Amino acid sequence: MMGAYLIAGHYVFNEDTKELKDLNSDVVIKMTSMKARCLSYIVQHANDEVIEKSALSDALWGARSKFSSEASLTQVLYLIRRDFKSLGVNDFFVTIPKAGIKVNAMVKIEPIQPKNRRSQLSWSPIMISISLSLIFIVTALFFWLTK
């Protein structure tokens, strides 16, 4: 499982479902894989002084990043900005000319801890109980048959 992040107190970005959700209005924006990967990288590096274009491009396209154009990255960033603007967040990140982007320091991003699921049922106590029961039954049968 990947993660989920609370952004600006009432928006949740879920990396697994590739969704950006407004908790106040229940508006859900379904993201493409590329936008979701880009936003994942941004939220994971939100505290960096500058998220460099080259690092972001490498995160999105890997070894093919040298063949992708800067316009492709600009387009993905534009679409993420547009998604946030549609939710009312106008300055999620700013462009640092010729360098990359910087997440707005006023926008708090917190990882959401997964809810504790009930602990998995352990088979050890069950197997011990069954084994002891079988030993008891076999022993009782042995003594009963040898009378």
Side-chain angles (χ1 to χ4, degrees), residues 1-139 141:
M1 179 177 146
M2 296 178 91
Y5 298 87
L6 181 64
I7 300 171
H10 43 101
Y11 305 100
V12 173
F13 170 54
N14 185 319
E15 292 176 314
D16 290 331
T17 60
K18 299 178 183 79
E19 293 176 340
L20 185 59
K21 181 178 182 180
D22 183 341
L23 297 176
N24 293 333
S25 68
D26 287 333
V27 169
V28 176
I29 296 172
K30 190 76 175 149
M31 304 182 98
T32 63
S33 292
M34 188 60 68
K35 283 195 315 185
R37 262 200 326 262
C38 186
L39 184 53
S40 290
Y41 190 86
I42 291 169
V43 297
Q44 290 167 11
H45 294 87
N47 294 326
D48 292 1
E49 191 61 37
V50 173
I51 300 172
E52 295 180 7
K53 286 190 276 188
S54 60
L56 194 47
S57 191
D58 286 346
L60 296 179
W61 291 285
R64 298 180 318 220
S65 68
K66 58 185 160 217
F67 303 112
S68 68
S69 69
E70 192 170 318
S72 298
L73 178 59
T74 301
Q75 178 68 16
V76 173
L77 293 172
Y78 163 77
L79 293 170
I80 292 171
R81 260 196 189 104
R82 188 185 67 185
D83 288 344
F84 274 98
K85 281 185 181 181
S86 74
L87 296 174
V89 180
N90 292 319
D91 297 316
F92 177 59
F93 58 84
V94 294
T95 300
I96 308 297
K98 300 188 188 323
I101 63 169
K102 169 84 177 123
V103 174
N104 184 341
M106 301 302 290
V107 177
K108 188 173 182 183
I109 300 173
E110 306 170 79
I112 297 173
Q113 300 302 321
K115 292 179 182 166
N116 288 337
R117 295 186 177 152
R118 283 189 225 163
S119 61
Q120 295 285 334
L121 179 62
S122 173
W123 286 99
S124 298
I126 294 170
M127 293 307 292
I128 290 171
S129 178
I130 291 171
S131 298
L132 289 174
S133 295
L134 284 173
I135 290 171
F136 176 76
I137 291 169
V138 169
T139 304
L141 278 173

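Owing to the predicted nature of the structure, the values given are computational and were not obtained by experimental measurement.
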Can you tell me how far apart NZ (K18) and CZ (R37) are? Round to the nearest 0.5 Å.
9.0 Å
Is it the case that the side chains of S86 and R81 hold a donor-acceptor pair, with the cut-off being a distance below 3.5 Å and no angle test?
no
When you compare the side chain of L39 with that of F92, does any pair of heavy atoms fall below 4.5 Å?
yes
Close side-chain approach of V76 to T32, heavy-atom, < 4.5 Å
no
For F13 and A36 the tightest heavy-atom approach is CZ-O, 3.5 Å
More than 12 heavy atoms of other groups within 6.0 Å of N47 CG:
no
Rounded at 0.5 Å granularity, tell me how far OG1 in T74 sits from CD1 in I101.
10.5 Å
Between OH on residue Y11 and OG on residue S25, distance to nearest 0.5 Å:
8.0 Å
Pairwise distance CD1(I80) to CE(M31) - rounded to 0.5 angstrom:
5.0 Å
Identified side-chain contact (heavy atoms from CB on, under 4.5 Å) counterpart of E19 within the set V28, V12, I29
V28
Out of I112, V43, N14, which residue meets the side-chain contact (heavy atoms from CB on, under 4.5 Å) rule with Y5?
V43
Any chance you could lay out the side chain to side chain contact (heavy atoms under 4.5 Å, CB included) test for V103 and I51, step after step, and finish with the verdict?
CA-CA 8 Å; V103 174; I51 300 172; 4.2 Å; yes
Any side-chain heavy-atom pair from D91 and F84 closer than 4.5 angstrom?
no
Is L73 close to W61 at the side-chain level, that is, under 4.5 Å between some pair of heavy atoms?
yes
Tell me whether K30 contacts the main-chain N or O of T17 through its side chain, where contact means a donor paired with an acceptor under 3.5 Å.
yes
For residues D22 and D26, determine if any side-chain heavy atom of one lies less than 4.5 Å from a side-chain heavy atom of the other.
no
Output for pair (Q75 CD, C38 SG), nearest 0.5 Å, gives 11.5 Å
Look up atom CG in D83 and atom OH in Y78, then write down how far apart they are to the nearest 0.5 Å.
10.0 Å
Which pair of heavy atoms, one from E49 and one from K102, lies closest together, and at what distance?
O-CD, 2.6 Å
L87 vs L20 side-chain heavy atoms within contact, under 4.5 Å
yes
